[in-house]
Amino acid sequence: MVVVGQGYVGLPLAMRAVEMGHSVTGLEADASRVAQLVAGTSYVEDVSAAALASAVDSGRYRVTSDPGCCDGFDVAVIAVPTPLRYGMPDLSFIEQAAAAVGQHLRVGTTVVLESTSYPGTTQEVVAPILEGKSGLRAGPDFHLGYSPERIDPGNPVWDLVNTPKLVSGIDGPSLVAVQSFYDTLVDKTFPVVGCMEAELAKLIENTFRHVNVALVNELTIFAADLGIDVWEAIKAASTKPFGFMAFTPGPGVGGHCLPIDPSYLSWRVERVLGRPFRFVALAKDINDHMPDYVAERVVLALNRRRLAVHGSRLLLLGLAYKPNTSDARESPAVAVAVRLAALGADVRAADPHVRNSRTDPRVLDVPCSADELTAADLVVLLTDHDDFDYDLVGACASHVLDTRHRLSPAANVEFL
Ligand SMILES: NC(=O)c1ccc[n+]([C@@H]2O[C@H](COP(=O)([O-])OP(=O)(O)OC[C@H]3O[C@@H](n4cnc5c(N)ncnc54)[C@H](O)[C@@H]3O)[C@@H](O)[C@H]2O)c1
């Protein structure tokens, strides 16, 4: 089989497929990533160096940038990025991947799209490219389906294998082919009636989270002004055993999913129906505003201590978009760092997971050491990685703004 894209989604999938006996070619456009994998270095936390070595040693995993090496596959899975470009879906990676796969399609093979995209992508974008490149027909000649990835990088409980996998096909035989393939990899597959429903299911999951995070974020801003402890209120509401699901406030949303995927849905709705998706627009507005709100809270915290933000030494803890990951894509923590640097603060950032975090040359990479903590006028906890020494933070910092409610209440700690 071929897995196009060896990133956060494609690499774990390729490893699992090798583990379950498949022969896998990882097609990866980024030559530096190919070199790292060949050298036995994994850049994805969920894939250990040992797992990568064992896949290579099995003789059933190879990685390449050469689409010519895709020849002879039975199943091809496309797991390439789906970013926004000028606020609109950018399907160019999917188009290139489909073109590469299409050249090697044979009668009876199966192609699955895993990338997150708007409903209609599999049938309206992927199928015509595969057909054009191969001269075959989707359905009668080859199987085609959509199976969204639900991976949550760094989640110690739910992974690729034990999270139910949605599977769909453009017709009955395609669904059977897609489901039988994933049945070899995961504990449980769930067949969905069509590709559009499976595509929408993935966007519902992410939009649900995006909207609920926005709800608690806006509540947090109001609760602070009303003098109410929103964290205690959420804890209290969470005791209801039905009809409530707790979401926690934070400095905003980041990563490859939440800031982007709902916009794929609203773009499609607006494009096809000519109507705005108001919930998505509102949630995006609130979540996008959170780094500004955190910067405002920093200014206020300094002001109370008669300090101006300009020239103050700030230590930011965490730049990744969520705990225990190195992924800083679209990270709100980075947005906070840039805003504070623009206000003239001496901004330092400590993140043991994020390499090359220098998204802004004014932000200095430092360790989370006693010296740095003590010297900072204010410490801002943005990403609550497990490996920060929180006792040290509480003991050394003169004042902390904790945006994740990770520290114990103390005189030198304030929460978002
Ligand atoms: N990261 C997540 O947690 C997550 C979870 C669920 C779904 N998704 C979705 O899965 C898709 C992939 O996300 P990701 O996080 O793995 O992205 P990623 O950037 O980590 O990996 C994608 C890889 O594809 C490669 N690539 C791009 N075009 C290519 C081509 N034509 N041929 C070969 N390789 C190519 C890139 O170089 C990159 O290494 C996206 O649609 C994303 O929204 C991601």
Side-chain angles (χ1 to χ4, degrees), residues 2-16 24-37 41-47 62-70 73 76-85 89-104 111-118 121-122 125-126 129-130 133 146-155 158-160 163-166 198-199 201-207 209-210 253-265 320-331:
V2 169
V3 181
V4 189
Q6 293 291 276
Y8 284 91
V9 170
L11 188 60
L13 180 78
M15 295 298 107
R16 176 64 179 167
V24 180
T25 299
L27 179 62
E28 171 52 57
D30 181 339
S32 71
R33 285 194 152 183
V34 172
Q36 287 184 67
L37 293 175
T41 310
S42 167
Y43 38 76
V44 172
E45 283 92 352
D46 292 341
V47 173
R62 62 174 180 163
V63 59
T64 175
S65 292
D66 178 7
C69 295
C70 292
F73 66 80
V77 178
I78 297 174
V80 295
T82 42
L84 292 172
R85 195 152 189 258
D90 174 6
L91 296 191
S92 60
F93 298 99
I94 290 184
E95 288 162 0
Q96 286 159 20
V101 166
Q103 278 165 0
H104 302 281
V111 180
V112 191
L113 179 65
E114 284 219 8
S115 300
T116 308
S117 188
Y118 58 77
T121 304
T122 307
V125 178
V126 177
I129 296 174
L130 293 174
K133 290 286 173 189
Y146 181 75
S147 178
E149 181 49 70
R150 290 166 147 176
I151 206 163
D152 181 19
N155 190 322
W158 295 103
D159 58 21
L160 171 64
T163 305
K165 189 100 173 85
L166 302 183
E199 289 160 336
K202 171 70 189 175
L203 294 179
I204 291 174
E205 292 165 13
N206 284 352
T207 304
R209 186 164 171 74
H210 189 52
V253 294
H256 197 310
C257 297
L258 290 205
I260 294 169
D261 299 349
S263 300
Y264 266 67
L265 187 53
Y321 83 94
K322 66 173 192 172
N324 310 324
T325 175
S326 63
D327 195 348
R329 291 179 293 183
E330 314 280 335
S331 175

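All ligand and atom numbering here is 1-based and tracks the order in the structure. Only heavy atoms go into these numbers, but all of them, side chains included; no hydrogens, no water, no symmetry mates. Bear in mind the structure is a predicted one, so any value in this text is a computation, not a measurement.
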Has ligand 1 got any nitrogen or oxygen that is less than 3.5 angstrom from a nitrogen or oxygen of Glu28? yes
Say whether Ser32 and Asp30, considering side chains only, have a donor N or O and an acceptor N or O under 3.5 Å apart. yes
Does any N or O atom in Lys202 lie less than 3.5 angstrom from one in ligand 1, N or O only? no
Short list, please: which atoms of ligand 1 are under 4.0 Å from a heavy atom of Gln96? 31 (N)
Please state which protein non-hydrogen atom is closest to atom 21 (O) of ligand 1 and give its distance, to 0.1 Å? Gly7 CA, 3.2 Å
Where ligand 1 meets Leu27 - atom numbers and elements under 4.0 angstrom, heavy-atom basis: 33 (C), 34 (N)
Is Glu149 close to ligand 1, meaning an N/O of one under 3.5 Å from an N/O of the other? no
I need the contact type for Ser115 against ligand 1. Using non-hydrogen atoms and a strict under-4.0 Å cut-off, is it side chain, backbone, both or neither? both
Run the contact test for Cys257 against ligand 1 with a 4.0 Å cut-off on heavy atoms, strictly below, and give the result. yes
Name every donor-acceptor pair, under 3.5 Å, that has one atom in a side chain of residues 92-99 and the other anywhere in the protein, sequence neighbours excluded.
| from | atom 1 | to | atom 2 | distance (Å) |
| --- | --- | --- | --- | --- |
| Ser92 | OG | Asp90 | OD1 | 2.7 |

pair Glu205-Arg150: side-chain heavy atoms closer than 4.5 Å: yes
Please compare Gly5, Pro81, Ala98 and report which has the shortest non-hydrogen distance to atom 27 (C) of ligand 1. Pro81
I need the nearest protein heavy-atom contact for atom 43 (O) of ligand 1: residue, atom name and distance, please. His256 ND1, 3.2 Å
Would you say Gly10 and ligand 1 have an N/O pair spaced under 3.5 Å apart? no
For Arg329, I'd like to know if atom CZ has over 12 heavy atoms of other residues, nucleotides or ligands within 6.0 Å. yes
Quick check on contacts: which atoms of ligand 1 are under 4.0 angstrom from a heavy atom of Ala79? 12 (C), 22 (C)
With a cut-off of 4.0 Å, which atoms of ligand 1 are near a heavy atom of Asp30? 37 (O)
With the side chain counted from C-beta on, respond yes when Thr82 and Tyr264 share a heavy-atom pair under 4.5 Å apart, and no when they do not. yes
Is the shortest heavy-atom distance from the side chain of Leu130 to the side chain of Val101 under 4.5 Å? yes
Just to verify, what does Thr64 make a side chain to side chain contact (heavy atoms under 4.5 Å, CB included) with, not counting sequence neighbours? Thr25, Leu27, Asp66, Cys69
For Glu114 and Lys165, run salt bridge (charged side-chain N to carboxylate O under 4.0 Å, His left out): C-alpha distance rounded to whole Å, both residues' side-chain angles, the deciding distance at 0.1 Å, then the answer. CA-CA 11 Å; Glu114 284 219 8; Lys165 189 100 173 85; 3.3 Å; yes
Any idea which protein heavy atom is nearest atom 44 (C) of ligand 1, and the distance to it? Val9 CG2, 3.4 Å
Is a side-chain donor-acceptor pair under 3.5 Å present for Glu149 with Thr116? no
Under 4.0 Å to a heavy atom of Ile151 - the qualifying atoms of ligand 1, by number: 3 (O), 5 (C)
Which residue and atom name correspond to the protein heavy atom nearest atom 30 (C) of ligand 1, and how close is it? Ala29 CB, 3.9 Å
N or O pair under 3.5 Å between Glu114 and ligand 1: no
Distance from atom 9 (C) of ligand 1 to nearest protein heavy atom, with residue and atom: Thr116 OG1, 3.4 Å
Starting from atom 26 (N) of ligand 1, what is the nearest protein heavy atom, named by residue and atom, and what distance separates them? Val80 CG1, 3.9 Å
For atom 32 (N) of ligand 1, find the nearest protein heavy atom and state the residue, atom name and distance (0.1 Å precision). Val4 CG1, 3.5 Å
Face-on cation placement of Arg33 at Tyr43 ring, 6.0 Å and 45° thresholds: yes
Identify, for atom 3 (O) of ligand 1, the protein heavy atom at the shortest distance, and state residue, atom and that distance. Pro153 CD, 3.2 Å
Looking just at side-chain N and O atoms, do Glu45 and Ser326 make a donor-acceptor pair shorter than 3.5 Å? yes
Return the OG to CG distance between Ser42 and Leu37, rounded to the nearest 0.5 Å. 7.0 Å
Which is it for Arg329 and ligand 1 at heavy atoms under 4.0 Å: side chain, backbone, both or neither? side chain
Side-chain contact, heavy-atom cut-off 4.5 Å: Val47 with Tyr8? no
